[in-house]
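Comments concern the structure below.
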Amino acid sequence: MRLDDQYRLLYQHFGHGNARPGLPALATLLACSERNVRLQLGKMQAQGWLSWQAGRGRGHRSSLHLLLSPDELALQRVRHLLAHGELEQAFARLSPPQRERLMTQLPQFLGAGDNQRQLRIPIHRRLDTLDPLQVSSRLEAHLVRQVFDHLCSFDSQRQCLQPALAHHWQASDHARCWRFWLRPGVQFHDGSVLDADTVAASILRLRDEPNPTQRQYRHLQDIVVHDALSLSFRLQGSDWLWPNRLYTASAAIVPRTRAANFAQHPVGSGAFRVLRHSEQRLTLAANQQHYRERPLLDSIDLWVIHALPAAQQFDLRLDAPLSAADQPLQSACTYLLLNPQRPQLAHAAARRQLLHFLGSPALVADDDPLRQRARGLLPHWQQPLPDTAAGCPLPAGSRLTLVTYELAAFQPLAQAIAARLDSAGIHLHIRTLDYPAFEAGHWWPDADLILNSEVLHDDPDYSCHEWFGSNRVLQRSLGDSSGARMDAALLAIQQQPDSGMRMAAYREIADWLVSDGWLLPLSHERQGIIASPAVKGLKLGLNGWMDFSSLWLCNEA
């Protein structure tokens, strides 16, 4: 019988109070010799579970006081496992109620490891997938960038592409053909070699297999492999953004041979490799053979805590309470979309009037410390509201459904929309989904309004192209006719070699989307990043994350 099982048996018989059992009774209860009883009680006392004093002389019984309930004992043992990072083993030992209780105690274990080169970060949900082809949220996209490499990287300071797995590339035939030359000697985490055939197979997945950004690669005609370290991409038309497409998270280079559990335990060539992945935790370990340089930390643990206490402090927290007005703004915005397939919103005039009603006056106050009122889709843009008659186009007594997903910043906005509609006698039902369910889109036929957000990656030029060209909710809202108008505008943009001209064209698209009543920008959220002074090398990108390989810890005495 294990020591903790023996303790539980003692607790069943003697509870928390003082007891004076004799050794013969204890030996019978624990089914062992009196000598072994003394040994076992001594071990329990050494671990602080009980207080025991042997009886002295004939007729004097031992004194026994049990200090922990079985639940407290289980949590003590679990805390020991947590202190050593064994989260999965800790949860496996507990019943569902005990797990809930443990969740409130987890934050004290989310600090740096003893070797000062380990960082533990809380995240609010489990990860859906780490296969680059299927990522759609900024959390998974950021982690993909830590595990995988791309042909190109992006210098956010200089706002230009830089070499990565490809050390050089050049365009020909008016940007209809792009040739890339690869670095020699690059290996995946499993030791397999990265070559041109591997790169070709990886990029073809984007065109040929269903994925969130498949539309962005439909003009790829074919790929020519010249030798082991060079290949060319031939396109159906001019595309000056082709190298930018190869920087996105979905365009990460993956091995040709992948295990069945690749989405949960991926193999890349990036600065970190996946050491462990469970429902409770993702552990990333430094790739000692990365082609650039070894990360400064040995490992990073991301622990899933669904309801994080607001007052808890951590070395690094990315879902922190948004309270400081000087926190940086997200790169794009939170916005409201309408579903024109719903009977009440089928007419363009009704959609324009409804969005004007919801947008004037703005739902977000100018002095709101948590977010900034959005006057445009990007913080420095200003889009005109639809020019239409005042008032709400829907009759009092109408009922609408708003669909959104679990993000703390969405809830006050959803309530503000409900209050504005209620002032016109319209009832709004708010349906909040988890992110995978929202991304699946099965809710679309029953949704009138959709509350969504967009966050750009470090390359704002191609981020806008990808947003307008492959956001599935936006594409559904536009329908065939307006969708064709969007496609034509984006085709003209990718044929424009000047980035400044492309950004001006994106702004014109945003003007059209807002003034025609397709969407309404609501707010630019604060990023909500809190880090301990011990965390060094912290440089936020436009997506609100940072490159893990540049982080290090300095606990100054």
Side-chain angles (χ1 to χ4, degrees), residues 112-113 115-121 127 130-132 135 139-157 161-169 180-199 201-203 228-230 243 246-259 262 264-277 282-302 316 457-459 535-541 543 545-553:
N115 64 6
Q116 300 301 311
R117 291 205 302 270
Q118 180 187 34
L119 194 64
R120 295 174 185 170
I121 302 172
L127 302 172
L130 291 176
D131 183 346
V135 297
L139 171 59
E140 278 88 351
H142 172 71
L143 295 174
V144 159
R145 292 188 182 280
Q146 311 310 304
V147 176
F148 295 89
D149 286 316
H150 297 73
L151 291 180
C152 311
S153 62
F154 193 83
D155 187 325
S156 58
Q157 298 297 319
L161 290 170
Q162 295 292 310
L165 292 178
H167 63 84
H168 182 73
W169 57 88
F180 286 74
W181 285 264
L182 307 179
R183 296 180 186 275
V186 177
Q187 292 185 343
F188 291 102
H189 300 148
D190 61 1
S192 58
V193 176
L194 186 147
D195 58 16
D197 285 320
T198 302
V199 171
S202 192
I203 301 303
L229 295 177
S230 70
L246 304 183
Y247 162 69
T248 61
S250 58
I253 304 304
V254 303
R256 275 177 290 176
T257 302
R258 298 178 296 276
F262 180 78
Q264 297 302 310
H265 295 274
V267 173
S269 62
F272 288 90
R273 59 187 177 86
V274 174
L275 185 64
R276 180 190 291 108
H277 187 194
L282 174 71
T283 301
L284 303 178
N287 177 10
Q288 306 283 355
Q289 285 77 42
H290 191 240
Y291 78 92
R292 282 192 164 164
E293 60 184 14
R294 182 200 188 281
L296 301 176
L297 295 174
D298 290 338
S299 65
I300 293 180
D301 263 0
L302 293 104
L316 181 61
H457 51 71
D458 287 345
D459 176 11
V535 179
K536 308 297 183 181
L538 185 61
K539 295 180 181 179
L540 293 184
N543 67 349
W545 285 85
M546 72 299 299
D547 182 7
F548 285 169
S549 63
S550 66
L551 298 179
W552 58 288
L553 292 166

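Residue numbers count from 1 along this sequence.
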How long is the gap from NE2 on H142 to CD on E140, to the nearest 0.5 Å?
-> 11.5 Å
Less than 4.5 Å apart, any side-chain heavy atom of L151 and any of V199?
-> yes
Tell me, please, which residues at least two apart from S192 pass side chain to side chain donor-acceptor pair (under 3.5 Å).
-> D190
Side chain to side chain donor-acceptor pair (under 3.5 Å) partners for R258, two or more places apart = none
How many angstroms lie between CG in D155 and CG in D459, if you round to the nearest 0.5 Å?
-> 11.5 Å
Contact check, side chains of V254 and P132, non-hydrogen atoms, under 4.5 Å | yes
Got a donor-acceptor contact below 3.5 angstrom from the S550 side chain to the G537 backbone?
-> yes
Go through the structure and list residues passing side chain to side chain contact (heavy atoms under 4.5 Å, CB included) with D149, not counting sequence neighbours.
-> L165, S269, H290, Y291
For residues H457 and F154, establish whether the separation of their ring centroids is below 6.0 Å.
-> no
With a 4.5 Å heavy-atom cut-off, do L297 and Q118 have their side chains touching?
-> no
Answer yes or no: are there more than 12 heavy-atom neighbours, outside E293 itself, under 6.0 Å from its atom CD?
-> no
Heavy-atom closest pair (S202 atom, A252 atom, distance to 0.1 Å) is OG-O, 3.2 Å
Might you point out which heavy atoms bring G270 and N287 nearest each other, and give the distance in Å?
-> O-ND2, 2.9 Å
Which residues satisfy the side chain to side chain donor-acceptor pair (under 3.5 Å) test with Q264, sequence neighbours excluded?
-> H277
Does R294 have any salt bridge (charged side-chain N to carboxylate O under 4.0 Å, His left out) partners at least two apart in sequence or in another chain, and if so, which?
-> D298
Residues in side chain to side chain contact (heavy atoms under 4.5 Å, CB included) with D195, at least two apart?
-> D197, T198, R256
Heavy-atom pair with the smallest gap, counting every atom of P266 and F148 | CB-CZ, 3.5 Å
Please check if the side chain of Q146 supplies one atom and the backbone of F548 the other of a donor-acceptor pair under 3.5 Å.
-> yes
For V144 and A249 the tightest heavy-atom approach is CG1-O, 3.6 Å
Point-to-point distance, once rounded to the nearest 0.5 Å, from CG of L182 to NE2 of H167 = 7.0 Å
Do L194 and I253 have side-chain heavy atoms sitting under 4.5 Å apart?
-> yes
R145 versus Y247: any side-chain heavy-atom pair under 4.5 Å?
-> yes
Could you tell me which residues satisfy side chain to side chain contact (heavy atoms under 4.5 Å, CB included) with S230, sequence neighbours excluded, listed by chain and number?
-> R179, W181, H226, D227
Quick one: do L553 and V535 satisfy side chain to side chain contact (heavy atoms under 4.5 Å, CB included)? Show the steps, please.
-> CA-CA 5 Å; L553 292 166; V535 179; 3.8 Å; yes
May I ask you to check whether over 12 heavy atoms, not counting those of Q288, lie within 6.0 Å of atom CD?
-> yes
Validation row: P255, F262 side chains within 4.5 angstrom (heavy atoms) | yes
How long is the gap from CG on L302 to OG1 on T283, to the nearest 0.5 Å?
-> 8.0 Å
Look up atom OG in S153 and atom CG in D547, then write down how far apart they are to the nearest 0.5 Å.
-> 10.0 Å
Is the backbone of T248 close enough, under 3.5 Å, to the side chain of H150 for a donor and an acceptor to pair up by distance?
-> yes
Quick one: CZ on R292 to CZ on R183, what's the gap to the nearest 0.5 Å?
-> 6.0 Å
Among I300, V135, L130, which one satisfies side chain to side chain contact (heavy atoms under 4.5 Å, CB included) with L143?
-> L130
Who are the ring-ring contact (aromatic ring centres under 6.0 Å, His included) partners of F180, not counting sequence neighbours?
-> W169, F233
Across all chains, not counting sequence neighbours, the side chain to side chain contact (heavy atoms under 4.5 Å, CB included) partners of T257 are none
Please tell me if the side chains of L275 and L284 come closer than 4.5 Å, counting only heavy atoms from C-beta onward.
-> no
Just do the side chain to side chain contact (heavy atoms under 4.5 Å, CB included) check on V193 and V186 with the steps written out, would you?
-> CA-CA 6 Å; V193 176; V186 177; over 6 Å; no
Could you go step by step and tell me if F272 and H189 meet the side chain to side chain contact (heavy atoms under 4.5 Å, CB included) rule?
-> CA-CA 9 Å; F272 288 90; H189 300 148; over 6 Å; no
